[in-house]
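Below is one structure, written out as structure tokens, with a few remarks after it.
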Amino acid sequence: MAIKKSNKLPQAAALKQILKRCSSLGRKHGYDDAEENGLPEDVPKGHFAVYVGENRSRYIVPISFLTHPEFQSLLNRAEEEFGFDHEMGLTLPCEEVVFRSLTSMLR
């Protein structure tokens with residue numbers, strides 16, 4: 001089996017890109033008046049919003065999740081399936097029940 005060479009960004013650069021994308025969502029959706037930093041009021045510092053499942057339910061997760069290999073795998077799948085440049089926010093290709101199970105193990 002041949003090893004497939006990837007054109008993806010190195011892991012640290014990809015994580016920075018994700019964080020930048022997440023933090024810019026508030027400005028795109030008019031939250032500038034809500035807080036000085038342009039983020040929605042319900043997203044505490046050190047967290048970001050993701051959308052999960054068929055109904056695209058919104059979850060607020062800590063940035064520390066980005067260091068866990070299981071969450072990184074989910075982010076890689078999200079990049080392959082959806083990309084990171086769309087209006088809905090960071091959408092994860094995962095059923096809600098699986099996502100809740102994963103996040104409960106990461107806490």
Side-chain angles (χ1 to χ4, degrees):
M1 179 163 86
I3 297 176
K4 183 178 176 183
K5 191 169 185 171
S6 175
N7 291 335
K8 292 184 183 178
L9 296 172
Q11 189 173 15
L15 292 177
K16 284 181 185 178
Q17 184 180 32
I18 291 165
L19 288 175
K20 184 177 179 181
R21 174 72 178 134
C22 292
S23 66
S24 70
L25 289 175
R27 287 186 288 282
K28 270 189 164 179
H29 294 287
Y31 291 107
D32 284 327
D33 296 334
E35 265 188 36
E36 281 181 29
N37 63 7
L39 296 175
E41 289 181 351
D42 65 337
V43 178
K45 188 173 184 172
H47 292 72
F48 63 101
V50 296
Y51 297 87
V52 180
E54 190 174 307
N55 295 323
R56 301 294 190 250
S57 298
R58 187 170 184 253
Y59 290 87
I60 308 298
V61 297
I63 288 174
S64 62
F65 280 12
L66 295 173
T67 62
H68 293 278
E70 297 86 357
F71 198 80
Q72 289 174 4
S73 175
L74 194 53
L75 290 173
N76 288 334
R77 285 183 43 215
E79 180 183 24
E80 290 170 5
E81 190 166 329
F82 305 118
F84 290 127
D85 190 23
H86 52 89
E87 293 298 315
M88 181 61 184
L90 183 58
T91 304
L92 301 177
C94 185
E95 292 181 20
E96 282 187 72
V97 94
V98 174
F99 180 78
R100 285 194 302 266
S101 176
L102 171 65
T103 56
S104 71
M105 289 187 298
L106 298 179
R107 292 185 190 262

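Being a predicted model, the structure only gives us computed values, none of them experimental.
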Rounded to the nearest 0.5 Å, how far apart are [atom1] of [X] and [atom2] of [Y]?
| X | Y | atom1 | atom2 | result |
| --- | --- | --- | --- | --- |
| H47 | D42 | NE2 | CG | 11.5 Å |
| H68 | L75 | NE2 | CG | 12.0 Å |
| M105 | R100 | CE | CZ | 13.5 Å |
| L92 | Y51 | CG | OH | 11.5 Å |
| L66 | L106 | CG | CG | 10.5 Å |

Aromatic ring pairing F99/Y59, orientation class (parallel under 30°, perpendicular over 60°, tilted between):
tilted

- Kindly work out whether a path of hydrophobic side-chain contacts (I/L/V/M/F/W/Y, heavy atoms less than 4.5 Å apart) joins L102 to I63.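 Same cluster.
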
**Message:** According to side chain to side chain contact (heavy atoms under 4.5 Å, CB included), who are the partners of S64, at least two apart in sequence or on a separate chain?
**Reply:**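 Applying side chain to side chain contact (heavy atoms under 4.5 Å, CB included) to S64 gives P62.
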
For residues 62-75, the salt bridge (charged side-chain N to carboxylate O under 4.0 Å, His left out) pairs (sequence neighbours left out) are none

- Message: Going by salt bridge (charged side-chain N to carboxylate O under 4.0 Å, His left out), name the residues that satisfy it together with R77, two or more places apart in sequence or in a different chain.
- Response: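 Partners of R77 by the salt bridge (charged side-chain N to carboxylate O under 4.0 Å, His left out) criterion come out as none, since no residue qualifies.
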
For residues C94 and L74, report the shortest heavy-atom separation together with the two atoms involved.
->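 Minimum heavy-atom separation between C94 and L74: CB-CD1, 3.8 Å.
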
**Message:** How close do E81 and P93 get, counting heavy atoms only, and between which atoms?
**Reply:**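 So the two residues come closest at OE1-CB, 3.3 Å.
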
Report task. Kindly indicate, with the supporting measurements, whether the criterion side chain to side chain contact (heavy atoms under 4.5 Å, CB included) is fulfilled by I60 and F48. Result -> CA-CA 6 Å; I60 308 298; F48 63 101; over 6 Å; no

